[in-house]
Amino acid sequence: MEKKIIDLTYTLSSTTPSWDGGCGFDMPVSVDYKDCKEPDLFRVHKINMRAGMGTHIDSPAHCIPDAKTIDNLELENLITDCVVIKAESEDENYIIMPEVVERFEKEHGKLASNAFVIFNTGWGKFWEDKDKYRNNLKFPSVHENTAKLLLERNIAGIGIDTLSPDSTGNAFPVHRIILGAGKYIVENVANVDSLPPVGAKVYIMPLKIKEGTESPI
C-alpha cells in the first residue's frame with residue numbers, strides 16, 4: 001500500500017493565533033541582499049517568538065518543576081503510533097468525556113500502548129480567523145477523567161486541534177495530569193481530518209532546546 005505523508009503543523013507568522021492574543025512571532029531581517037556585495041547575496045533573519053507558538057509541544061517541565069525538558073524527551077515516544085479520536089463539536093463549552101474514548105475503543109480496539117492520541121474537535125477550521133480560533137480561550141477541551149483514562153492506556157502523549165486541552169478557568173487539570181505523568185502535549189495540531197483513526201505513524205520533531213519547556217514542532 002502506498003504511504004501518504006501528512007503535515008500536521010501550521011505555518012508560523014505574525015498572524016498565528018496565540019494564548020494571550022498578542023503577536024507571538026516576529027522575524028525581522030537583520031541582513032538583506034542590498035546590504036551585500038555580489039555575487040555573495042544573503043538574507044538573514046532573526047526570530048523573536050514565544051516557545052509555545054503554532055503547532056508546538058509541551059514537555060513535562062512546562063508545568064512540573066524539575067521534570068523532563070524538551071532536550072530529554074525520548075525519540076521512541078516521539079516517533080510512534082498515532083490514534084485520532086473524532087470528538088467534533090461547534091460548542092465552545094464541549095468537554096471530551098471518557099465515554100468518547102470508550103466508544104472509540106469499541107469500534108477500533110483498545111488504544112495501543114505508547115500511542116500518541118489526537119482529539120479531532122473540528123476547531124481547526126477556525127485557524128485562519130485568529131480571533132475566532134482563540135475565542136477568548138473558550139473552545140472544546142478534555143475532561144480530567146479522560147486524561148486519567150488515557151494514562152491507564154499508557155499513551156505517549158496527547159494532541160488536540162485547539163490552543164489547549166484545557167480551556168480557560170479550569171486550572172489546567174489535563175496539563176497537570178498528563179505532564180505530571182511524564183507524558184507530553186501537542187497543541188494546535190493541523191490537518192487532523194486527513195488522518196485515519198488508527199494505523200498512522202507520527203513523527204514529532206521539536207527543536208532540541210536545552211532545558212526548554214516548550215518548542216515548535
query: Got a salt bridge between Lys46 and Asp26, using NZ or NE/NH1/NH2 to carboxylate O under 4.0 Å?
result: no
query: Are any side-chain N or O atoms of Asn120 and backbone N or O atoms of Gly122, one a donor and one an acceptor, separated by less than 3.5 Å?
result: yes
- request: Show the numbers, then the answer: is there a side-chain contact (heavy atoms from CB on, under 4.5 Å) between Glu144 and Lys148?
  value: CA-CA 6 Å; Glu144 59 186 290; Lys148 292 175 182 176; 4.0 Å; yes
message: Hydrophobic clusters here meaning ILVMFWY residues chained together by side-chain heavy-atom distances under 4.5 Å, can you tell me if Ile64 and Leu73 are in one?
response: no
task: Taking side-chain hydrogen bond (donor to acceptor under 3.5 Å, both in side chains) as the test, write out the residues that go with Tyr94, two or more places apart.
output: none
query: Nearest 0.5 Å, what's the OH-CG distance between Tyr10 and Asp7?
result: 10.5 Å
query: If we only count heavy atoms from C-beta on, is the Ile158 to Tyr184 side-chain gap below 4.5 Å?
result: no
query: Is Leu150 close to Phe119 at the side-chain level, that is, under 4.5 Å between some pair of heavy atoms?
result: yes
message: Between Val29 and Ile47, is there shared hydrophobic-cluster membership here, with clusters defined by ILVMFWY side-chain heavy atoms closer than 4.5 Å?
response: no
From Ile79 atom CD1 to Phe116 atom CZ, the distance as rounded to the nearest 0.5 Å: 13.0 Å
query: Any side-chain heavy-atom pair from Thr55 and Pro216 closer than 4.5 angstrom?
result: no
task: Return the minimal non-hydrogen interatomic distance between Ser59 and Gly212, and the atom names on each side.
output: OG-O, 3.7 Å
field: Least distance between heavy atoms, Ser89 atom then Pro140 atom
entry: O-CG, 3.8 Å
query: Is the NZ atom of Lys125 crowded by more than 12 outside heavy atoms at less than 6.0 Å?
result: yes
field: Side-chain donor/acceptor of Asp91 to backbone N/O of Asn93, under 3.5 Å
entry: yes
query: Leu151 and Ile178: side-chain contact (heavy atoms from CB on, under 4.5 Å), yes or no, with the steps?
result: CA-CA 7 Å; Leu151 290 184; Ile178 296 296; 4.0 Å; yes
field: Closest approach of Val198 to His108 (non-hydrogen atoms, all atoms of both residues)
entry: CG1-CB, 4.2 Å
- prompt: With no hydrogens and no angle check, do the side chains of Ser18 and Asp20 hold a donor and an acceptor under 3.5 Å apart?
  reply: yes
field: Straight-line distance of His62 NE2 to Thr69 OG1, nearest 0.5 Å
entry: 13.5 Å
- request: Give the minimum heavy-atom separation between Trp123 and Glu90, together with the two atoms involved.
  value: CZ3-O, 4.1 Å
- prompt: Is the closest side-chain heavy-atom distance between Ile204 and Ile57 below 4.5 Å?
  reply: yes
- prompt: Are any of the side-chain heavy atoms of Asp81 and Ser113 separated by less than 4.5 Å?
  reply: no
query: Just wondering, do Asp35 and Arg43 contact through their side chains at under 4.5 Å, heavy atoms?
result: no
- prompt: In this structure, are over 12 heavy atoms from other groups packed under 6.0 Å from Glu128 atom CD?
  reply: no
- request: Output the distance between atom OH (Tyr133) and atom CZ (Phe139), rounded to the nearest 0.5 Å.
  value: 8.0 Å
field: Asn191 and Ser194 side chains, donor-acceptor separation under 3.5 Å
entry: no
statement: From the list Thr146, Val186, Val142, side-chain contact (heavy atoms from CB on, under 4.5 Å) with Pro165 holds only for Val142
Close side-chain approach of Leu195 to Ile118, heavy-atom, < 4.5 Å: yes
- prompt: Is the closest side-chain donor-acceptor distance between Lys210 and Asn72 under 3.5 Å?
  reply: no
field: Stepwise side-chain contact (heavy atoms from CB on, under 4.5 Å) check, Tyr203 with Thr80
entry: CA-CA 7 Å; Tyr203 294 73; Thr80 189; over 6 Å; no
- request: Go through the steps for Asp71 and Lys208 under the test salt bridge (Lys or Arg N to Asp or Glu O under 4.0 Å), then give the verdict.
  value: CA-CA 5 Å; Asp71 51 318; Lys208 196 172 183 181; over 6 Å; no
message: Are Leu78 and Ile185 connected into the same hydrophobic cluster when the rule is that any two of I, L, V, M, F, W, Y join if their side-chain heavy atoms are below 4.5 Å apart?
response: no
- prompt: salt bridge (Lys or Arg N to Asp or Glu O under 4.0 Å) between Arg50 and Glu214: does it pass, once the steps are laid out?
  reply: CA-CA 9 Å; Arg50 297 178 181 87; Glu214 302 172 276; over 6 Å; no
task: Spell out, as yes or no, whether a donor-acceptor pair under 3.5 Å connects the side chain of Asp166 to the backbone of Val174.
output: yes
- prompt: Do Asp161 and Thr121 have side-chain N/O donor and acceptor atoms under 3.5 Å apart?
  reply: yes
- request: To the nearest 0.5 Å, tell me how far Phe104 CZ sits from Leu111 CG.
  value: 6.5 Å
field: Side-chain heavy atoms of Met49 within contact of Leu12, under 4.5 Å
entry: yes
query: Looking at CG of Asn114 and CZ of Arg153, how far apart are the two atoms once the value is rounded to the nearest 0.5 Å?
result: 15.0 Å
query: Would Ile6 end up clustered with Val84 when hydrophobic side chains under 4.5 Å apart are linked, directly or stepwise?
result: yes
statement: For Gly54 and Asn188, the nearest pair of non-hydrogen atoms, with its separation, is O-ND2, 2.8 Å
task: Determine yes or no for a side-chain-to-main-chain donor-acceptor pair under 3.5 angstrom, with Ser167 supplying the side chain and Leu137 the backbone.
output: no
task: Quick one: closest heavy-atom pair of Pro17 and Leu163, and the distance?
output: O-CD2, 4.2 Å
task: Answer yes or no: is there an ion pair linking Lys68 with Glu74, defined by an N-O contact shorter than 4.0 Å?
output: yes
query: Does one hydrophobic cluster hold both Trp127 and Val189, with members joined at side-chain heavy-atom distances below 4.5 Å?
result: no
- request: Quick one: do Ser141 and Thr162 satisfy side-chain contact (heavy atoms from CB on, under 4.5 Å)? Show the steps, please.
  value: CA-CA 8 Å; Ser141 59; Thr162 67; over 6 Å; no
